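Source: prediction; values computed, not measured.
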Amino acid sequence: MSLTFNASLRAGTKKRTPGEAARDIASRIPGLSSRLQSTGAGIARPMSAQELCEVVRIAYDPPAALIIDEAHAAGSPVSLTWGEVGPTATQASWDDYRHDSAFSASWTMTGAPRGAVNSSVLSRLLAPHGDIDRKRISLLYRPMDSARAAAVVERDQNNANVRVTSGNRPSARALVDARSAVQTAQEEAQGAGLVNFGMVVTATVTDRERLSDAVAAVEQTAGTARVLLRRAYGAQDTAFAASLPLGLVLPKHSMLPAEIKEAL
């Protein structure tokens with residue numbers, strides 16, 4: 001799990017210095033780590049900068065994992081800095097991404113599962129696959145501020161009611177959506193938060209000839225997860241980086257005007 005904090009306590013205020021932000025985050029870490037245990041994650045602890053460097057280096061250069069593991073086993077870990085963990089060279093194509101010694105393809109979620117979702121809905125998508133050397137499924141969450149959350153749930157409730165009342169015989173899907181919208185509005189009114197969420201899936205292989213098999217494996221298992229995935233055409237390098245624990249907040253790098261982003 002990667003958490004990204006804003007340098008400003010609230011919109012329009014002065015940004016905190018790195019030292020001030022570090023002290024604030026340090027006071028939150030014990031509580032956050034203990035809460036993760038209740039999710040089934042086990043004992044959670046913050047990663048060191050060295051461990052994070054290793055994760056990023058292996059993502060861009062998978063064969064480096066063997067060298068790093070052997071160094072740890074020998075008791076002499078490889079010392080890495082941020083300037084050494086990025087790829088030596090990359091080539092972003094329309095539908096795939098070449099980085100150092102590997103080839104990757106990435107997808108982004110365009111539709112979440114609808115209806116009742118059980119806890120094992122992502123099990124096949126998350127499970128290892130023989131055609132994929134490395135697979136990364138990243139869930140991205142971004143909390144909404146309370147003012148916008150209230151407007152969003154009210155809009156969704158109104159839209160759901162229109163779909164129910166616009167015809168003589170509303171579909172079962174429309175009725176379920178209307179009930180869900182009412183429940184969400186009630187929970188938000190009682191103080192529950194609202195988040196935007198998405199998913200980025202990346203499949204990596206070390207042989208380009210196997211990339212088509214990896215693509216087929218991901219697209220097949222995505223169907224069982226009831227998640228609508230779309231290949232990140234023209235943005236393979238961006239999607240690859242977005243799925244890494246680097247603290248990238250994608251809306252901050254978007255070229256769309258704020259008015260259009262708010263309406264999406």
Give a yes or no on whether L52 and L246 share a hydrophobic cluster (residues Ile, Leu, Val, Met, Phe, Trp, Tyr; joining criterion: side-chain heavy atoms under 4.5 Å apart). yes
For E154, is there any backbone N or O sitting under 3.5 Å from a side-chain donor or acceptor partner on N158? yes
If you take all heavy atoms of E51 and P46, which pair is closest and at what distance? OE1-O, 4.4 Å
Between atom CZ of R142 and atom OG1 of T4, what is the distance when rounded to the nearest 0.5 Å? 12.0 Å
Tell me every residue that passes side-chain hydrogen bond (donor to acceptor under 3.5 Å, both in side chains) with H72, counting only those two or more places apart in sequence or in another chain. E54
Return the CE to OG distance between M109 and S138, rounded to the nearest 0.5 Å. 12.5 Å
Distance-minimising heavy-atom pair for A105 and V215: CB-CG2, 4.0 Å
Tightest non-hydrogen contact, residues A160 and A181, listed as CB-CB, 4.1 Å
Throw together a table of side-chain donor-acceptor distances under 3.5 angstrom for residues 182-199, partners on residues two or more places apart or in other chains.
| residue | atom | partner | partner atom | Å |
| --- | --- | --- | --- | --- |
| Q183 | NE2 | E187 | OE2 | 3.2 |
| T184 | OG1 | S180 | O | 2.9 |

For S104 and L211, work out which heavy atoms get closest and say how close. C-CD1, 4.2 Å
For G130 and R210, work out which heavy atoms get closest and say how close. O-NH2, 3.6 Å
From L228 atom CG to W107 atom CH2, the distance as rounded to the nearest 0.5 Å: 15.0 Å
Sorted by chain and number, sequence neighbours left out, side-chain hydrogen bond (donor to acceptor under 3.5 Å, both in side chains) with S106 holds for T202
What's the separation between atom CD1 in I132 and atom OG1 in T221, rounded to the nearest 0.5 Å? 6.5 Å
Tell me whether L248 shares a hydrophobic cluster with V56, the cluster being built from Ile, Leu, Val, Met, Phe, Trp, Tyr side chains joined at under 4.5 Å. yes
Please test K14 against E20 for salt bridge (Lys or Arg N to Asp or Glu O under 4.0 Å), starting from the C-alpha separation and ending with a verdict. CA-CA 12 Å; K14 181 181 178 181; E20 293 172 340; over 6 Å; no
With sequence neighbours left out, the residues meeting side-chain hydrogen bond (donor to acceptor under 3.5 Å, both in side chains) with T206 are D133
Show the numbers, then the answer: is there a side chain to side chain contact (heavy atoms under 4.5 Å, CB included) between T204 and H99? CA-CA 10 Å; T204 300; H99 47 92; 4.1 Å; yes
Is there a donor-acceptor contact under 3.5 Å from the side chain of K135 to the main chain of L125? yes
Hydrophobic cluster membership, with links at side-chain heavy-atom distances under 4.5 Å among I/L/V/M/F/W/Y: are M1 and L126 in one? no
How about R98: does its CZ atom have over 12 heavy atoms from other parts shown lying under 6.0 Å from it? no
Do the numbers put R136 on top of the ring of F240, so that NZ or CZ is under 6.0 Å from the six-membered ring centre and no more than 45° off the axis? yes
Is it the case that over 12 heavy atoms from other parts of the model lie below 6.0 angstrom from the CE atom of M47? yes
Side chains of residues 80-95: which donor-acceptor pairs under 3.5 Å do they make with residues two or more places apart or in other chains?
| residue | atom | partner | partner atom | Å |
| --- | --- | --- | --- | --- |
| E84 | OE1 | T81 | N | 3.1 |
| S93 | OG | D96 | OD1 | 3.4 |

When you group the ILVMFWY residues by side-chain heavy-atom contacts below 4.5 Å and let the links chain together, are L229 and Y141 in the same group? yes
D24: which residues meet the side-chain hydrogen bond (donor to acceptor under 3.5 Å, both in side chains) condition with it, sequence neighbours left out? R16, R28
For the hydrophobic clusters of this structure (ILVMFWY residues joined by side-chain heavy atoms under 4.5 Å, transitively), does one cluster hold both F5 and I29? yes
Judged by modelled atom types alone, do R230 and T110 share a side-chain donor-acceptor pair under 3.5 Å? no
Spatial distance of atom CD1 (I58) from atom CG (D100) [nearest 0.5 Å]: 12.5 Å
Kindly assign one of parallel, tilted or perpendicular to the pair Y97 and Y60, based on the angle between their ring planes and the thresholds 30° and 60°. perpendicular
Rounded distance [0.5 Å steps], CG in L122 versus OG1 in T224: 8.5 Å
For a quick test of reading the model, state the closest non-hydrogen atom pair linking R57 to A64 and the distance between them. NE-CB, 4.1 Å
